[in-house]
A.B. asks: 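Right, I'll just put the structure down here and ask away after.
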Amino acid sequence: MSEKFLPQELIRKKRDGLSLNHSEIGFLVQGISDESLTDAQLGAFAMAVFHCGMSMEERVSLTQHMMHSGEILKWHDLDLDGPVVDKHSTGGVGDKVSLMLAPIVAACGGYVPMISGRGLGHTGGTLDKLESIPGYNGAPDNTKFRALVQKVGCAIIGQTDKLAPADQRFYATRDVTATIESIDLITASILSKKLASGLDALVMDIKTGNGAFAADYSMAQELAQSIADVSSSAGVPTRCLITDMDQVLGYNVGNATEVQECIEFLIEPEKANERLLQLTLELAAQMLQLSGIESDLVAARTKSQEALFSGQAAQVFGQMIHALGGPIDLLEKTDDYLVPMPIINPILSKSSGYITKMDVRAIGLNMIHLKAGRTKASDSIDHGVGLTDIVNIGQWIDTGQPLAYAHVRNVDQVQYLQQTLPSTIQFSENPPEKSPLVYEILSSNKEKGS
């Protein structure tokens, strides 16, 4: 970077509500990468942005500089016969969509280089789920990753140190300085990693509700619009779906338990949880249409369903798992590899009635207490602990019936769940109104105006 600035002057400028130009933001991101910007200065910059915000130009600039702080994946030399497209979710409890979605889209002719994260806080991580499969390697080098995407059509791996490294340091600082909940910084953090993947199109699943990061609907809307606008301005068409996270998504929560549900979903989709099936197919259709594989959503929905119900998506999933070091016969011999826990016990309801509400965040935190998740990045997790067959909102339950089945290692864990889980669920004598699964779909303001 040829231009030299004083970091404290740029922090002061942002603190006072003024805009930083492209060169100034580039200087700060360079300082994040080479550590010439101290932790104190980085924390102060994050707090200044948190309080004063950023203009659209600043958000685009920050995203682009962080994206270019490391390697950019390129695909044109592979002569792929379809678009490179991806999906990212802001996370929720039981959100295992990526595991089925990537193979569905790959079976339809898309190429999905999905770089996913680990769980932190009350939401689970896609990579943690996959690592419950023996032998699965979520950290191949870029050459192998690109070759896998070319051959299989999709690969789900973890973020490498070479992809948007500035974001890794910035995120760690935000985590300890109470500046995570900034729309500007969340936008740049998510998109710097996704855009470094060399995408032709991106679909976002922005969760809202008590089990979501954006619990408040207006925050979900603001984040969705920001991501759509910044990503499209950076040259990647992006669509954001705001979806419900006021109840667990699917039947299972945990790591191995969620992989088990994914395999069952792919093999027997007609038995899948209705909301999980609906959301997975809708996200797949949006990816197919936005990336140009299909010209309209009706055809895209039909193609997605065919890929799933014909068994093609299951075949792609099996190939991806084996190509990344997992067993070749995981789908046929699931219980041999995802070994059942020593104790599988029902957690019984203390009430009867229609289920009207769930404290989804509390359910996620219960899982963390049992080591199925982590509170800090260095925590190790127990991949086997989880819940299956969780009740859904609108279901009638009698006293003494199971709310879920606990998959745990000892009786103390069963007792803990029997004490805590029933209090996360509310009942009524009257059935609740059915809330929509997809509230709204947002695209960039630029796309709306065209």
A.B. asks: May I ask you to check whether Thr238 and Ser231 show a side-chain donor-acceptor distance below 3.5 Å?
C.D. replies: yes
A.B. asks: Which residue is it: Ser232, Ser233, Ser226? I am looking for the one with a side chain to side chain contact (heavy atoms under 4.5 Å, CB included) to Val230.
C.D. replies: Ser226
A.B. asks: With a 4.5 Å heavy-atom cut-off, do Asp244 and Pro436 have their side chains touching?
C.D. replies: no
A.B. asks: Does a sphere of radius 6.0 Å around CG in Leu78 hold more than 12 heavy atoms from other residues, nucleotides or ligands, not counting ones at 6.0 Å or beyond?
C.D. replies: yes
A.B. asks: For Lys162 and Asp141: C-alpha separation, side-chain torsions, deciding distance, then whether salt bridge (charged side-chain N to carboxylate O under 4.0 Å, His left out) applies.
C.D. replies: CA-CA 10 Å; Lys162 294 177 179 176; Asp141 62 36; over 6 Å; no
A.B. asks: CE/Met114 to CD1/Ile157 distance, rounded to the nearest 0.5 angstrom?
C.D. replies: 11.5 Å
A.B. asks: Nearest 0.5 Å please: distance from the CG atom of Leu421 over to the CE atom of Met367.
C.D. replies: 7.5 Å
A.B. asks: Tell me the salt bridge (charged side-chain N to carboxylate O under 4.0 Å, His left out) pairs involving residues 29-56, sequence neighbours left out?
C.D. replies: Asp39-Arg169
A.B. asks: Establish, from distance only, whether the side-chain atoms of Tyr217 and Glu440 form a donor-acceptor pair under 3.5 Å.
C.D. replies: yes
A.B. asks: Should the pair Arg301-Glu282 be classified as a salt bridge under the 4.0 Å nitrogen-to-oxygen rule?
C.D. replies: yes
A.B. asks: Determine, for Asp359 against Arg361, whether the closest basic-nitrogen to carboxylate-oxygen distance falls under 4.0 angstrom.
C.D. replies: no
A.B. asks: Describe, in one word, how the ring planes of Phe45 and Phe170 are oriented to each other, choosing from parallel (under 30°), tilted (30 to 60°) and perpendicular (over 60°).
C.D. replies: parallel
A.B. asks: Pairs in or reaching into residues 181-201: which pass salt bridge (charged side-chain N to carboxylate O under 4.0 Å, His left out), with residues at least two apart or in two chains?
C.D. replies: Arg59-Asp184, Asp86-Lys194, Asp167-Lys193
A.B. asks: Can you classify the ring geometry of Phe5 versus Phe27 as parallel (below 30°), tilted (30 to 60°) or perpendicular (above 60°)?
C.D. replies: perpendicular
A.B. asks: Are Asn255 and Glu131 close enough that a side-chain donor and a side-chain acceptor fall under 3.5 Å?
C.D. replies: no
A.B. asks: Distance only, no hydrogens: is a donor on one side chain within 3.5 Å (strictly under) of an acceptor on the other, for Ser61 and His22?
C.D. replies: yes
A.B. asks: I'd like to know whether Arg409 forms a salt bridge (charged side-chain N to carboxylate O under 4.0 Å, His left out) with Asp382, so could you lay out the CA-CA distance, the side-chain angles of the two residues, the decisive distance to 0.1 Å, and finally the verdict.
C.D. replies: CA-CA 10 Å; Arg409 298 200 180 274; Asp382 186 338; 2.6 Å; yes
A.B. asks: Give a yes or no on whether a salt bridge exists between Glu9 and Lys4, defined as a side-chain N under 4.0 angstrom from a carboxylate O.
C.D. replies: no
A.B. asks: Going by salt bridge (charged side-chain N to carboxylate O under 4.0 Å, His left out), name the residues that satisfy it together with Lys87, two or more places apart in sequence or in a different chain.
C.D. replies: none
A.B. asks: About how many Å separate CG of Leu191 and CG of Leu202, when rounded to the nearest 0.5 Å?
C.D. replies: 6.5 Å
A.B. asks: Can you measure from CD1 (Ile115) to OG (Ser197) and round to the nearest 0.5 angstrom?
C.D. replies: 3.5 Å
A.B. asks: Kindly compute the distance separating CG (Asn252) from CG (Asn273), expressed to the nearest 0.5 Å.
C.D. replies: 9.5 Å
A.B. asks: Rounded to the nearest 0.5 Å, how far does NZ of Lys96 lie from NZ of Lys129?
C.D. replies: 7.0 Å
